[in-house]
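All values reported here derive from a predicted model rather than from experimental measurement. All heavy atoms count here, side chains included; hydrogens, waters and symmetry mates do not.
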Amino acid sequence: MPDREPPAWVWLKERLSRLRQSTTPVPAAGEAAAAVVRTAVVTDSAAALPAAWVTDFAADGRLAVVPMPVMVGEEIYGEGEDDIMETLALALASGSSVKTSRPSPGQFEQAYIAAQRRGFESVVSIHISSELSGTVDAARLAAARVGIPVDVVDSRTVGMAQGMGVQSALVAAADGRTAAEVRAFAEERMARTKVYFYVPSLEQLRRGGRIGTAASLLGTVLAIKPILAVDDGRIVPLEKVRSAAKAIARLEEIVAADVASRPAGQQRLAVHHFGNLAEAEMLAARLAEKCLGCPPAQISALPAVLAAHAGLGVLAVIVGESSTPVPPGPDSAGLPEAPSAVEPPPPAAGD
């Protein structure tokens with residue numbers, strides 16, 4: 001089933017498709033001149049951007065997504081290869097070795113040089129949290145080798161939380177913002193974005209070093225089903241629940257409370273899954289009932305580099321806000337201040 005895009009993202013695609021990198025046409029009488037896009041955006045496949053969305057905006061060079069490698073046994077796969085998800089699912093189900101790695105600096109260097117050749121004046125490069133991967137370091141090494149100015153951003157998050165920052169950067173660039181303003185707006189949007197998720201087993205997160213052995217044993221021996229979150233770039237336990245059904249119900253409550261705390265009409269949702277599309281669809285449907293006024297959630301499989309660590313059966317919900325920049329004021333870049341972290345509602349009785 002193809003990725004689903006809520007109405008706000010359709011607007012984003014239409015807005016960006018009207019703006020091209022080359023020259024700005026002479027406007028008709030009474031029309032405002034279109035902004036010239038001077039800043040390209042580069043990211044990695046951990047951003048979980050919909051494939052069709054990437055295709056639309058990579059065509060003219062304004063966006064590049066560097067694939068993150070996944071090693072299954074002795075074979076190395078890149079994001080987007082036809083059989084990677086099936087191969088990964090079989091490997092995880094059988095307990096075979098699965099590892100991930102950062103892209104090489106050379107891959108980023110190629111992306112930056114390509115942007116320069118397209119006529120862009122600068123690049124904003126947004127990447128998976130440095131607490132989870134060395135990708136930011138590879139990007140910085142590459143940035144030091146090229147002639148075009150590259151601003152490397154540690155997103156301090158992952159998945160569509162990172163992806164929403166990338167989309168925000170593209171919109172700001174399309175509005176003619178400077179590279180510094182593009183970065184600031186992307187960081188501000190990512191700071192306002194939260195990642196909540198549930199995994200049936202903590203074993204893959206333990207194997208990949210994303211959580212400690214003690215936490216993994218707690219989940220295995222005591223049959224605890226934790227709800228996890230990404231906080232300042234790290235995976236942290238949010239709550240401990242004693243059954244899968246209760247954990248998912250509690251996940252819905254936490255997400256609904258977060259959505260309700262945000263400005264009306266600005267909320268955005270994404271739901272990730274791996275090997276459990278039907279569960280993700282039901283989760284999204286229930287969230288639609290609880291989060292009235294919020295556009296429908298995008299439903300998409302986790303990219304392979306994240307699925308390799310989360311494992312089969314993961315359900316993740318990303319809560320964010322609109323990617324539309326506000327008009328700049330005389331004394332600022334026009335970027336609203338990020339709110340304080342959203343606290344989940346009190347645990348339900350008996351959990």
Side-chain angles (χ1 to χ4, degrees), residues 13 16-17 19-24 34-71 76-81 84 100-130 132-155 158 162-187 190 303-305:
K13 290 175 69 174
L16 287 174
S17 67
L19 298 166
R20 293 298 173 224
Q21 160 60 20
S22 55
T23 58
T24 304
V36 176
V37 183
R38 295 183 172 87
T39 300
V41 179
V42 173
T43 190
D44 53 68
S45 54
L49 291 163
W53 202 95
V54 171
T55 299
D56 286 342
F57 303 120
D60 62 0
R62 73 177 68 237
L63 171 66
V65 180
V66 176
M68 298 183 68
V70 176
M71 179 178 285
I76 299 177
Y77 296 82
E79 194 73 50
E81 292 185 18
I84 184 173
T100 62
S101 180
R102 72 182 192 180
S104 69
Q107 289 174 276
F108 288 114
E109 188 173 351
Q110 290 174 9
Y112 301 152
I113 291 173
Q116 185 175 23
R117 287 174 177 168
R118 286 273 193 167
F120 291 93
E121 298 173 1
S122 59
V123 174
V124 172
S125 200
I126 302 172
H127 300 293
I128 179 175
S129 170
S130 60
L132 303 176
S133 170
T135 300
V136 166
D137 292 333
R140 287 175 177 149
L141 286 172
R145 299 176 182 173
V146 296
I148 186 173
V150 179
D151 201 345
V152 178
V153 180
D154 180 352
S155 73
V158 71
Q162 175 186 340
M164 289 179 185
V166 172
Q167 291 177 323
S168 299
L170 285 166
V171 173
D175 273 2
R177 301 291 184 94
T178 66
E181 289 170 334
V182 169
R183 171 180 181 144
F185 186 59
E187 288 184 317
M190 289 186 291
V305 69

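- Here CD1 of I126 is found 10.5 Å from CD of Q167. Values are rounded to the nearest 0.5 Å.
- To the nearest 0.5 Å, atom CG of residue L63 and atom CZ of residue F57 are 8.5 Å apart.
- Annotation for A115 and V123: closest pair CB-CG2, 3.8 Å, computed over non-hydrogen atoms.
- Residues W53 and L170 are in side-chain contact: their nearest non-hydrogen atoms beyond the backbone lie under 4.5 Å apart.
- D44 places no side-chain N or O within 3.5 Å of a backbone atom of M68 that could act as its donor or acceptor partner.
- Here the side chains of Q107 and P67 are in contact, with some heavy-atom distance below 4.5 Å.
- Taking CD from Q162 and CE from M190, the interatomic distance works out to 7.5 Å, rounded to the nearest 0.5 Å.
- For R183 (side chain) and V152 (main-chain N/O), a donor-acceptor pair under 3.5 Å exists by modelled atom type.
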Go through E181 and T39 one step at a time and tell me if the side chain to side chain contact (heavy atoms under 4.5 Å, CB included) criterion holds.
CA-CA 10 Å; E181 289 170 334; T39 300; over 6 Å; no
Between E187 and V153, does a side chain to side chain contact (heavy atoms under 4.5 Å, CB included) hold up when you go through it step by step?
CA-CA 8 Å; E187 288 184 317; V153 180; 3.7 Å; yes
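- Across all non-hydrogen atoms, the minimal contact from R145 to P105 is NH1-CB, 3.9 Å.
- For the pair A138 and P103, the tightest heavy-atom approach, listed with the atom from each and the gap, is CB-O, 3.4 Å.
- The aromatic rings of F108 and Y112 lie parallel to each other, their planes meeting at an angle below 30°, with 60° marking the opposite boundary.
- Closest non-hydrogen pair, A172 versus F185, comes out as CB-CD2, 4.0 Å.
- Listed here is the closest heavy atom pair of I84 and A304: CD1-CB, 3.5 Å.
- Considering CZ of R140 and OG1 of T135, their distance stands at 11.5 Å, rounded to 0.5 Å.
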Check against side chain to side chain contact (heavy atoms under 4.5 Å, CB included), S129 and V158:
CA-CA 6 Å; S129 170; V158 71; 5.8 Å; no
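- Between A143 and V150, the shortest heavy-atom distance links the atoms CB-CB, 3.7 Å.
- Note that the CD1 atom of I148 and the OG atom of S122 stand 6.0 Å from one another [nearest 0.5 Å].
- For D175 and R177, the salt-bridge test fails: no basic side-chain N is under 4.0 Å from an acidic carboxylate O.
- Proximity of a side-chain donor or acceptor of S155 to a complementary backbone N or O of H127 within less than 3.5 Å is detected.
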